[in-house]
There are 2 protein chains.
Amino acid sequence: MALKPVTRKSVSDQVFDQVLGEVVDGGLAAGEQLPSERQLAEVLGVSRPAVREALQRMAQTRLVEVRHGGGATVRDFRKYGGLDLLPRLLVRDGGVDPAVARSVVEARTSVGPIIAALAAQRGGPALTGALEDVIARLAGTTDSQTWQELALEYWDVVVDGADSIVYRLMFNGLRAAYEPAIPALALALAPEVGQVEPYRLLAAAISAGDPATARAAAERVLAPTNSSLMTAFTALSNPEGEQA
Amino acid sequence: MALKPVTRKSVSDQVFDQVLGEVVDGGLAAGEQLPSERQLAEVLGVSRPAVREALQRMAQTRLVEVRHGGGATVRDFRKYGGLDLLPRLLVRDGGVDPAVARSVVEARTSVGPIIAALAAQRGGPALTGALEDVIARLAGTTDSQTWQELALEYWDVVVDGADSIVYRLMFNGLRAAYEPAIPALALALAPEVGQVEPYRLLAAAISAGDPATARAAAERVLAPTNSSLMTAFTALSNPEGEQA
DNA sequence: GTTGGTCAAGTGGTAAGACCAATTTGAATG
DNA sequence: CATTCAAATTGGTCTTACCACTTGACCAAC
């Protein structure tokens with residue numbers, strides 16, 4: 001029997017999630033007004049400060065614009081949303097959105113090798129220890145969830161070694177989107193467990209300071225993951241009343 | 001005489017900016033605790049709800065972790081921050097951080113052509129009208145600031161045509177970082193004004209549905225902008241008491 | 001007809017105070 | 001030294017009151 005910690009969700013978190021859902025899924029068009037803070041507080045049965053906290057966070061996502069005396073106006077989330085919106089877009093209607101999943105996979109495929117090449121160029125031998133440490137831990141696990149978490153850690157080292165704050169921040173956003181999904185994906189990604197060799201080859205290329213080889217090796221690391229990911233996402237997708 | 005709208009800054013905005021500054025620039029290490037809400041309210045001379053709003057927003061950035069009864073704990077902003085942090089990192093100590101600027105430019109250089117190729121592949125002729133509209137407006141302006149805004153609009157069309165939500169959301173984050181800097185950069189980027197041809201060539205490649213040509217054309221669009229950007233960023237950088 | 005001024009209603013922004021919930025800390029005890 | 005428990009601290013929520021801004025209506029002056 002697996003006991004999980006009980007996680008309490010604050011009132012303002014719940015308000016935020018509901019408002020976010022309305023903006024992303026509720027058919028609200030850009031330019032429409034949300035109900036006033038007082039109305040939301042009444043309808044949701046909570047206090048106005050809780051609503052305010054949620055709405056200030058919504059404003060920070062750029063998905064709504066809040067003006068003093070003017071209410072909250074909805075913006076087009078596709079035009080203004082940041083990577084933090086990704087988990088929300090990935091899982092909709094109880095399943096995975098295939099188009100979103102595909103775009104995640106293809107962005108990994110394209111940007112991953114670029115980052116690996118930069119890591120080889122700029123990090124090179126200095127990354128050896130950290131990469132080998134993660135690889136040793138990868139080699140020592142048979143648990144798929146742990147494997148995925150370690151694979152992320154591996155890429156954390158690589159993107160750090162790339163010495164590019166933009167890629168670092170992008171990775172952070174993508175990781176934040178991916179991490180909560182690991183438990184759901186772990187079963188489908190189980191065939192990956194134990195395939196340490198591609199990670200070793202990439203680490204060797206990075207340590208050798210060879211960008212071109214690192215780029216190719218990164219593609220080899222990502223290719224099987226990518227197809228497993230697409231398989232997993234497809235299994236989790238919900239085109240017609242199929243529950244994951 | 002140029003009149004600008006007066007912008008008021010709310011108390012919670014001011015608190016947020018100060019706390020963010022402490023976290024990013026104040027020498028706080030990951031794991032350190034921020035002062036309690038009550039302390040912050042007293043020190044800053046504001047109410048506790050205003051502090052709460054700011055801290056809930058900070059928690060949303062992932063740069064701090066707020067636990068009930070446990071206070072707010074600082075996280076490593078490099079490891080947890082998202083692209084929204086970019087403007088903050090780009091401009092520090094009254095000047096531009098050259099490493100951040102470089103990473104912005106190189107990410108554009110790498111990811112831009114990828115996006116353009118996808119737009120050619122997936123948008124193709126359907127993007128013709130929108131691209132030509134922006135190009136006509138580019139051709140009709142001699143104002144550098146307007147030019148930069150239109151260039152962003154051009155790329156907005158391209159990234160939309162790429163039909164990849166991940167790139168879309170990344171672009172949104174980068175644009176949010178770039179837009180406030182346009183007025184400061186416009187003077188240095190003035191030599192770009194009038195050079196419509198590369199944009200026309202890229203639009204033609206996209207409309208023709210030719211990914212390889214679009215990729216190469218995007219590189220040609222970005223190359224002069226990149227060097228101008230680096231020049232501009234260098235002029236704005238502040239290694240030793242030089243004020244932009 | 002246009003412009004400026006005033007007012008009311010509605011909405012966002014702020015504060016004070018009270019109280020509950022979770023965590024941390026320190027003292028007492030075995 | 002380990003455990004237990006109470007107190008202190010901190011976050012979370014709510015109520016109430018009031019201020020600041022926006023919008024629209026209406027009226028007066030030009």
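Sequence lines set the chain letters: A, B, ... in the order given, protein chains first and strands last, and positions in each chain run from 1.
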### Query
Nearest to the side chain of B:Ser10 - D:dG12, C:dG12, C:dT14?
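Among the listed nucleotides, the one closest to the side chain of B:Ser10 is C:dT14.
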Calculate the interatomic distance between [X] atom [atom1] and [N] atom [atom2]; express it in whole Å.
X: A:Glu65; N: C:dT11; atom1: CD; atom2: P; answer: 17 Å
X: A:Leu55; N: C:dT14; atom1: CG; atom2: P; answer: 14 Å
X: A:Asp13; N: C:dA21; atom1: CG; atom2: C1'; answer: 15 Å
X: B:Glu37; N: C:dA16; atom1: CD; atom2: P; answer: 15 Å
X: B:Glu53; N: D:dG11; atom1: CD; atom2: P; answer: 16 Å

### Query
Just to confirm, is there a sub-4.0 Å distance from OP1 or OP2 of D:dG11 to any side-chain nitrogen or oxygen of B:Arg52?
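Answer is no, no contact under 4.0 Å.
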#### Entry: Distance below 4.0 Å between A:Gln39 side-chain N/O and C:dG10 OP1 or OP2
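No, because none of the side-chain N or O atoms of A:Gln39 sits under 4.0 Å from OP1 or OP2 of C:dG10.
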### side-chain hydrogen bond (donor to acceptor under 3.5 Å, both in side chains): pairs with one or both residues in residues 63-75 of chain B, sequence neighbours excluded
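Qualifying pairs: B:Gln33-B:Thr73.
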### Task
Under the salt bridge (charged side-chain N to carboxylate O under 4.0 Å, His left out) rule, collect the residues that match up with A:Asp17, sequence neighbours excluded.
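Only A:Lys9 meet the salt bridge (charged side-chain N to carboxylate O under 4.0 Å, His left out) criterion with A:Asp17.
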#### Entry: Partner residues of A:Asp160 under the salt bridge (charged side-chain N to carboxylate O under 4.0 Å, His left out) criterion, sequence neighbours left out
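With sequence neighbours excluded, A:Asp160 shows a salt bridge (charged side-chain N to carboxylate O under 4.0 Å, His left out) to A:Arg168, B:Arg78, given in chain and number order.
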### Query
Looking at residues at least two apart in the chain, or sitting in another chain, which of them share a ring pair (Phe, Tyr, Trp, His ring centres under 6.0 Å) with B:Tyr154?
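Ring pair (Phe, Tyr, Trp, His ring centres under 6.0 Å) list for B:Tyr154, sorted by chain: B:Tyr199.
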#### Entry: Sub-4.0 Å heavy-atom contacts from residues 26-35 of chain B onto DNA chain D, ordered by number
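Within this stretch, nothing sits under 4.0 Å of the strand.
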### The single option from B:Thr61, B:Leu90, B:Val24 passing side chain to side chain contact (heavy atoms under 4.5 Å, CB included) against B:Leu85
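Answer after filtering B:Thr61, B:Leu90, B:Val24: B:Val24.
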### Message
Strictly under 4.0 angstrom, non-hydrogen atoms only: write out the protein contact profile of nucleotides 14-24 of chain D, one letter per nucleotide from the 5' end, B, S or -.
### Response
BB--B-BBSS-
### Query
Do side-chain atoms of B:Gln39 reach the backbone of B:Ser36 as a donor and acceptor pair under 3.5 angstrom?
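Answer holds: yes.
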### Task
Go through the side-chain N and O atoms of A:Gln148 and A:Tyr178 and say whether any donor and acceptor fall under 3.5 Å apart.
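Judged by distance alone, the side chains do pair up.
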### Query
Salt bridge check: are B:Asp13 and B:Arg57 linked by an N-O gap of less than 4.0 Å?
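Salt bridge present between B:Asp13 and B:Arg57.
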